[in-house]
Amino acid sequence: MSTGGRPRILLMHPILDPGPAILAEAAEVVAYPVNQPLDEASIRRAAEGCIGIVSQLMDPIRETVLSTPGLKIVSNVAVGFDNIDVPAATSHKVMVTNTPGVLDDATADFAFTLIMATARRIVEADSFTRQGKFRGWAIDMMLGADVHGATLGLIGVGRIGRGVAHRAKGFNMRVLYYDPHPLPPDAEQELGAARVDMGRLLAESDFVSVHVPLTQETHHLLSTPQFGQMKRTAILINTSRGPVVDEAALVEALNAKKIAGAGLDVYEREPAVHPGLIPMPNVVLAPHIASATVSTRSEMSAMAARNMATAVRGGRPPNLLNPEVKR
Ligand code: NAD
């Protein structure tokens, strides 16, 4: 599909340098109209005549979009790809790519930021100080929980979960993990991480941090029964995807003091946040920014653009999720 001989690609949202230049060298880039809603029918209309789509996590790329004639590749600017129906893409011979690896450290840093912020009540402390409530040192003021020496439970130890385990070593934490795929013994040893079942992880952890992809199996992986198994002093950290945690059940567990707090970067119905979370001082809320550093977002943009450019030129993109499409 082309205009004046050049292939066309649809850029759903702006990306950072050097992404735009890489894309422009490979194809004619069509920007998705700013005011157009992000529903499948609208995306399909915009994608007509394009061989590729550069998508982001808020774009639903499913059957309606993937059946667009001439579409060859969807390049997602994210490591998670739950917004794309990969089996449907495969059946339409559309390649799907993501951006693994380049955001591991930034995301692991941010999970740790949420651990520290919730444990040491930093957001509450900041507004307390700004409001002029600091009238002098007091021995019982803003008491929090220790991070050093505490037990960290990681649900999922892929690239990002391992990065969090690595940081936990510096805080002398005890690290437990639950993952259907065990770490190699040398990695377990290097990270000082012990594999346990989910029940033990929930029962023993002071911080439970979630690092799984969103799939049918991980939807509501944490809900009322799991919160009931956690310590009353425990804090939940979620930087994975919102629907992995049952948000209504989380609000209920926090209200009932079944757990002590939460640090959240992601939500079940983004950009909506459960109204029950808003007034809670023991909850730290971030607007899905775990990978949001200048260098990481720029590297994600470059990687997604390179995946697209390679496919447009007929090659096999480096981060192909469905290799059966391109043998
Ligand atoms: P990864 O594929 O390297 O690791 C995921 C791990 O989860 C794997 O080890 C897998 O075996 C494990 N897993 C799968 N199902 C599980 C289950 N039911 N219970 C326990 N473990 C399970 O992925 P990654 O690069 O570490 O990223 C993880 C997820 O984090 C991504 O899929 C993405 O959705 C999310 N993410 C969010 C942000 C953000 O901005 N908040 C940034 C980057 C990634």
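In listed order, ligands and their atoms are each counted from 1. Numbers here simply count residues along the sequence, with the first being 1.
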Heavy atoms of other groups near Arg120 CZ, more than 12 under 6.0 Å: no
Contact partition for Met198 relative to ligand 1, non-hydrogen atoms under 4.0 Å: neither
Atoms of ligand 1 close to Ala290 [distance to a heavy atom under 4.0 angstrom, numbered from 1]: 39 (C), 40 (O), 41 (N)
Identity and distance of the protein heavy atom lying nearest atom 23 (O) of ligand 1: Arg159 NH2, 3.6 Å
Proximity to ligand 1 by part of Leu214, non-hydrogen separation under 4.0 Å: neither
Proximal ligand 1 atoms for His288, defined as those under 4.0 Å from one of its heavy atoms: 39 (C), 40 (O), 41 (N)
Nearest-0.5 Å distance, OG of residue Ser223 to CG of residue Leu250: 9.5 Å
Distance in Å, His288 NE2 paired with Met58 CE, rounded so as to fall on 0.5 Å steps: 9.5 Å
Thr107 heavy atom under 4.0 Å from ligand 1: yes
Polar side chain donor-acceptor pair, Asp179 to His211, under 3.5 angstrom: no
Nearest neighbour in protein (non-hydrogen) for atom 4 (O) of ligand 1: Gly158 CA, 3.2 Å
Side-chain donor-acceptor contact under 3.5 Å, Gln226 with His220: no
Residue pair Arg44 / Ser67, side-chain donor-acceptor N/O under 3.5 Å: yes
Residues Thr310 and Arg316: side-chain donor-acceptor under 3.5 angstrom: no
Nearest candidate to atom 17 (C) of ligand 1, where distance is taken over non-hydrogen atoms, out of Gly242, Pro180, Ala292, Ala108: Pro180
Sub-4.0 Å atoms of ligand 1 with respect to non-hydrogen atoms of His211: 5 (C), 6 (C), 7 (O), 28 (C)
Ligand 1 to Gly80 polar contact by distance, N or O atoms, under 3.5 Å: no
Identity and distance of the protein heavy atom lying nearest atom 15 (N) of ligand 1: Thr218 CG2, 3.8 Å
Crowding at NZ, Lys93 (>12 non-hydrogen neighbours, <6.0 Å): no
Approximate separation, where rounding is to 0.5 Å, of Thr239 OG1 and Ile289 CD1: 11.5 Å
Protein contact to atom 11 (O) of ligand 1 [nearest heavy atom, distance to 0.1 Å]: Asp179 OD1, 2.7 Å
Polar proximity ligand 1 side, His181 side, N/O cut 3.5 Å exclusive: yes
Closest approach of any protein heavy atom to atom 24 (P) of ligand 1, naming residue and atom: Ile160 CD1, 3.8 Å
Close side-chain approach of Asn76 to Val96, heavy-atom, < 4.5 Å: no
Residue part near ligand 1, for Val79, under 4.0 Å between non-hydrogen atoms: side chain
Asp265-ligand 1 polar pair, N/O distance under 3.5 Å: yes
Close approach of Glu217 to ligand 1, heavy atoms, under 4.0 angstrom: no
Residue Gly156 vicinity, atoms of ligand 1 by number, heavy atom under 4.0 Å: 7 (O), 20 (C), 21 (N)
Salt bridge (Lys or Arg N to Asp or Glu O under 4.0 Å) assessment of Arg45 paired with Asp39: CA-CA 10 Å; Arg45 269 195 301 280; Asp39 62 274; 5.3 Å; no
Distance from atom 37 (C) of ligand 1 to nearest protein heavy atom, with residue and atom: Thr239 O, 3.0 Å
Nearest neighbour in protein (non-hydrogen) for atom 14 (C) of ligand 1: Pro213 CD, 3.8 Å
Non-hydrogen atom of Ser240 closer than 4.0 Å to ligand 1: yes
Test item: side-chain donor near acceptor, Thr90 and Asn322, under 3.5 Å: yes
Atoms in ligand 1 with a heavy atom of Tyr178 nearer than 4.0 Å: 19 (N), 20 (C), 21 (N)
Gap between atom CG of Asp109 and atom CD1 of Ile160 - 0.5 Å precision: 11.0 Å
Residues, nucleotides or ligands: over 12 heavy atoms within 6.0 Å of His166 NE2: no
Identity and separation of the nearest protein heavy atom to atom 13 (N) of ligand 1: Val212 CG1, 3.9 Å
